[in-house]
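This report concerns only the one structure given below.
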Amino acid sequence: MSAIVTATDVVVRYNEQVVLNGATLGIEEKDRIGLVGRNGSGKTTFLRVLAGLQTPDSGAVTKRRDLVVSYLSQDFTLDSDKSVRENVRAGARHVLDCIAEFEGLPAESRRHAELEERIVALDGWSVERRIETTLSHLNCPDGERGIDSLSGGEKRRVAMARAIVSQPEFLILDEPTNHLDPESIDWVADFLENFRGAFLVVTHDRYFLDRVVRRMVELAEGRFFAHDGNYTDYLLDKAERQAADAVVEHKRQMFLRRELEWVRRGPPAQRTKSKVRFEKFYEVESQAAPTVEEEVELCVPPPPPLGNRVVECSNLGVAVGGCRLFGGFNFTFENGQRVGVAGRNGLGKTTLLKTIIGDVAPTEGTVKVGQLTRFNYVDQDRLRLREERTALEEVSDGAEWVMWGQARLSVRAYLKRFLFADDRIGRLVKHLSGGERSRLLLARILKQGGNFLILDEPTNDLDLPTLRVLEEALIAFPGVVLVVSHDRYFLNRVCTDILAFEGDERITHSAGDYDYYLEKRARRSQPGTDKPEAATRKPESPTRLQRILRPRKITWKEIKELEGMEARILNVESGIARIEDLFASPDFHRTHALQTNALNAELAAAKSNLAELYARWEELESLRLASESKPR
C-alpha cells in the first residue's frame, strides 16, 4: 500500500524540553494505529503536527493530495452559536459543499462528473442519515440543543460525532473514549473496525486498543518504536525487547568489571595488545545503557482498620427532579471488596456514590455506615489544581509531612515516589506537563487516606504506565474500593464485584469481573427454554433404605455460604494471578528478589485455599441440588 501521510525527522521543542527528536513515521492506506507513551511524551503534539495545527521546529510532514483529514482533539472546541446538529453537520462540510456544487452544475459538465465520483467515494448521498445515526449511537443530546447548555461529557460526544460523521480518509483521535459509556464505546469500536480509511488513535482504553488496532507505535524519548499487532502483542514484544536489552547490558557490565580488574593490575609489557585492549574497554564503557522506564510508586497510606459493619444499603432508592434513578437496591460492602460500577451515562452511578457518602439524601431506604469506616472520595472532576502554586504547595497545603499509618514521610520524599525530580517539585503547576499534572493529582488524592476508597472515573486522562500502577495499588489496597469506570480492561483487572446500572431503575450485582458479568447478562437475555411437563404419575413412596441414603437438606447458613462462595473463589484466583504476574515480570529479581520466599509461601497457601474452596463449593452445590430434588 502507498503512504498517505509521512512524518520525517520531526523535531519539536518547548523551551529546553525536546518532545519530538527526529521522529519518523509513515501511515499507509487502511492503517489502524494505536499510539502510546507516557503523558508529556509528545503524543498530542505529534497529532497536532499531523493535523496541520502546529508547525514543527524542523522536519516535514507530507500528505497525499486532496487527503481528507479529521481530527478529534482532547481540548476540542464547538461553535456555541450553533446547535448540536449544526455542529455535527460541520464535520461533513466538505461533503455537503461537494453536493451543493454538484447540484448547481449542468449534468453534462466535466466538473459535474468529477464531483459525482468524489461524492460516491465519500458516501456523500447518505450523509444526512449518517448524521442522525451517529447522534443516536453516541447517545448525543437532542440535536436542537445549544452547546452552552451541555455538560463536558455531552460536548465530547458531540465533538466525536462531528469528527467521524464525514468518514474521512485519515482519522486522528485523541482519547476518543473519554466520557463515553460502554454502549457508545462499542459503537465507536464497531465504526473503526468497519472504517474504510486509516486512523491513528491515542487512548488509555486497552480493551479498545486490543479490539481495533493492527499496529502499535510507542513514543519514547522523542522517537517512535513500531510493533505489529494490537496492544497485547505490543506488551509481549516490548517485554521481549527489554529482556534482550537486559541480557546485553548484563554482558556489557560483566566485560567492564573483568577489564577493570585487568586495568587496575596494570597492563603487561606488550604495548600493542595493551593499547587495543584499552581502546576496547573505553569503547564499551562509552556505550549508553538501555533506558529503564521508571514506574510511579503509588504510596497509598495504610488505612485504619474497618469494623464488622462497613456500609449497608437497604432498599435504597434516589429520585432527582421527580425522576427515579434507581430503587430497591440492597448491598452489603465487606472488607477486601473492590466493587466496580458500570452502566450507561445518566443512570445514576455518581448519584449512588454521593448517596453512600451522605452528600445526597436517599428518597427511600437507608445507608448504614460503620463507626470505623472512613471515606476517601475522588469525584469525577478531580481536585482543581491551582495554577500559581508549586507542586510542593499543592500537595503539602502548608504541612511538611504526609502521614500514613503510624509513620510519616516528608512531602518532598512523597512527591519523588510519583517521579517528581527536585527541580520539578518547585515548578509552578501551570508549567508542568500533562503527565506531571495527572501524577500531582494522584499524589494529592491518595495522601488523604481512608479505608473506603471511592473513585469516579479514575482512568480518564492517565497514561497507561500510571494506569497499571494505579491498578496494582488498588488490588493491594487492604480496605474497600468502590470505582466507577467505563474502562473494561481496568474493571476486569481490579474488581471482585460489579454493580451494573442496566436501566429500568435497576442495579444488578454480579460477583467477579466485568467480562463475567457480561457473560451472565448474555445468558439472562436468552429466551428461556420451556420446562418439561410434570409427570402425571404419582411418585412411589421411598423405601426405608432410600430415606437413610438420601442427602440431608441444605441449611440456611449453608445457602448463604454458597451464595458467597463464587466471590471468595474469584478473589483468591485474582490473588494467585497477581503473584504469578509478579514472577513473570522481566524485572522481578531487581524489584522483588528479597520477597521470593514469602511470595512462594503465599502462592502455595493461596493454591491450597483455592482447592479447599472448590471442594467446599462442590459439596454445597450437591446439597442444594439434593434439597431441590427432594420428593414432596
Side-chain angles (χ1 to χ4, degrees), residues 1-77 94 163 168-176 195 197-204 209 213-229 231 234 237-238 241 245 287-291 293-294 424 431-437 461 463-465:
M1 293 186 182
S2 59
I4 58 173
V5 180
T6 302
T8 307
D9 295 329
V10 173
V11 175
V12 175
R13 297 182 181 86
Y14 292 112
N15 298 322
E16 298 176 357
Q17 184 181 10
V18 181
V19 294
L20 297 175
N21 188 15
T24 298
L25 181 67
I27 300 169
E28 299 180 344
E29 296 174 343
K30 300 186 182 301
D31 247 343
R32 277 100 168 89
I33 301 175
L35 178 61
V36 294
R38 289 185 178 276
N39 281 349
S41 63
K43 300 188 300 296
T44 295
T45 297
F46 180 67
L47 298 191
R48 288 178 53 82
V49 170
L50 284 184
L53 301 178
Q54 183 171 342
T55 302
D57 295 317
S58 64
V61 175
T62 57
K63 301 176 184 176
R64 194 182 66 192
R65 184 181 177 186
D66 296 328
L67 182 72
V68 178
V69 179
S70 185
Y71 173 46
L72 173 68
S73 64
Q74 286 195 61
D75 54 348
F76 56 87
T77 55
H94 66 287
E169 295 162 294
F170 180 39
L171 182 58
I172 306 171
L173 300 172
D174 197 353
E175 297 292 359
F195 185 59
F199 66 78
L200 175 66
V201 58
V202 171
T203 179
H204 62 264
L209 286 173
V213 307
R214 298 176 190 165
R215 184 155 67 109
M216 292 294 302
V217 175
E218 180 185 7
L219 179 55
E221 299 180 341
R223 296 179 294 123
F224 293 119
F225 301 89
H227 304 262
D228 289 332
Y231 180 74
Y234 151 73
D237 287 349
K238 184 175 180 180
R241 187 186 76 203
D245 287 345
Q287 294 173 358
T291 302
E293 291 185 0
E294 289 185 281
R424 308 300 288 180
H431 294 147
L432 298 179
S433 69
E436 289 171 327
R437 293 167 73 98
D461 305 320
D463 56 25
L464 293 175

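Residues: numbered from 1 along the sequence shown.
In this structure T6 satisfies the side chain to side chain contact (heavy atoms under 4.5 Å, CB included) test together with A3, T8, T62, sequence neighbours excluded. Applying the side chain to side chain donor-acceptor pair (under 3.5 Å) rule to S73 yields the partners D75; only residues at least two apart in sequence or on another chain are considered. Qualifying salt bridge (Lys or Arg N to Asp or Glu O under 4.0 Å) partners for R64, counting only residues two or more places apart in sequence or in other chains: E29, E169. Residues satisfying the ring-ring contact (aromatic ring centres under 6.0 Å, His included) test with Y231, not counting sequence neighbours, are Y234. Every residue meeting the ring-ring contact (aromatic ring centres under 6.0 Å, His included) condition with F195, not counting sequence neighbours, appears here in chain and number order: F191. For D174, the side chain to side chain donor-acceptor pair (under 3.5 Å) criterion is met by T44, Q74, not counting sequence neighbours.
A donor-acceptor distance shorter than 3.5 angstrom exists from the side chain of K43 to the backbone of G37, with no hydrogens or angles considered. Judged by distance alone, the side chain of S41 and the main-chain N or O of A220 form no donor-acceptor pair under 3.5 Å.
With rounding to the nearest 0.5 angstrom, the CG atom of L25 is 11.0 Å from the CG atom of L20.
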For residues 49-58, please give each side-chain donor-acceptor pair under 3.5 Å, one per line with the distance, not counting sequence neighbours.
residue	atom	partner	partner atom	Å
Q54	OE1	R48	NE	3.3
Q54	NE2	Y14	OH	3.0
D57	OD2	R13	N	2.6

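Among residues at least two apart or in separate chains, there is no ring-ring contact (aromatic ring centres under 6.0 Å, His included) pair with a member in residues 15-42. Under the ring-ring contact (aromatic ring centres under 6.0 Å, His included) criterion, the residue pairs touching residues 34-72 are F46-F224, with sequence neighbours excluded.
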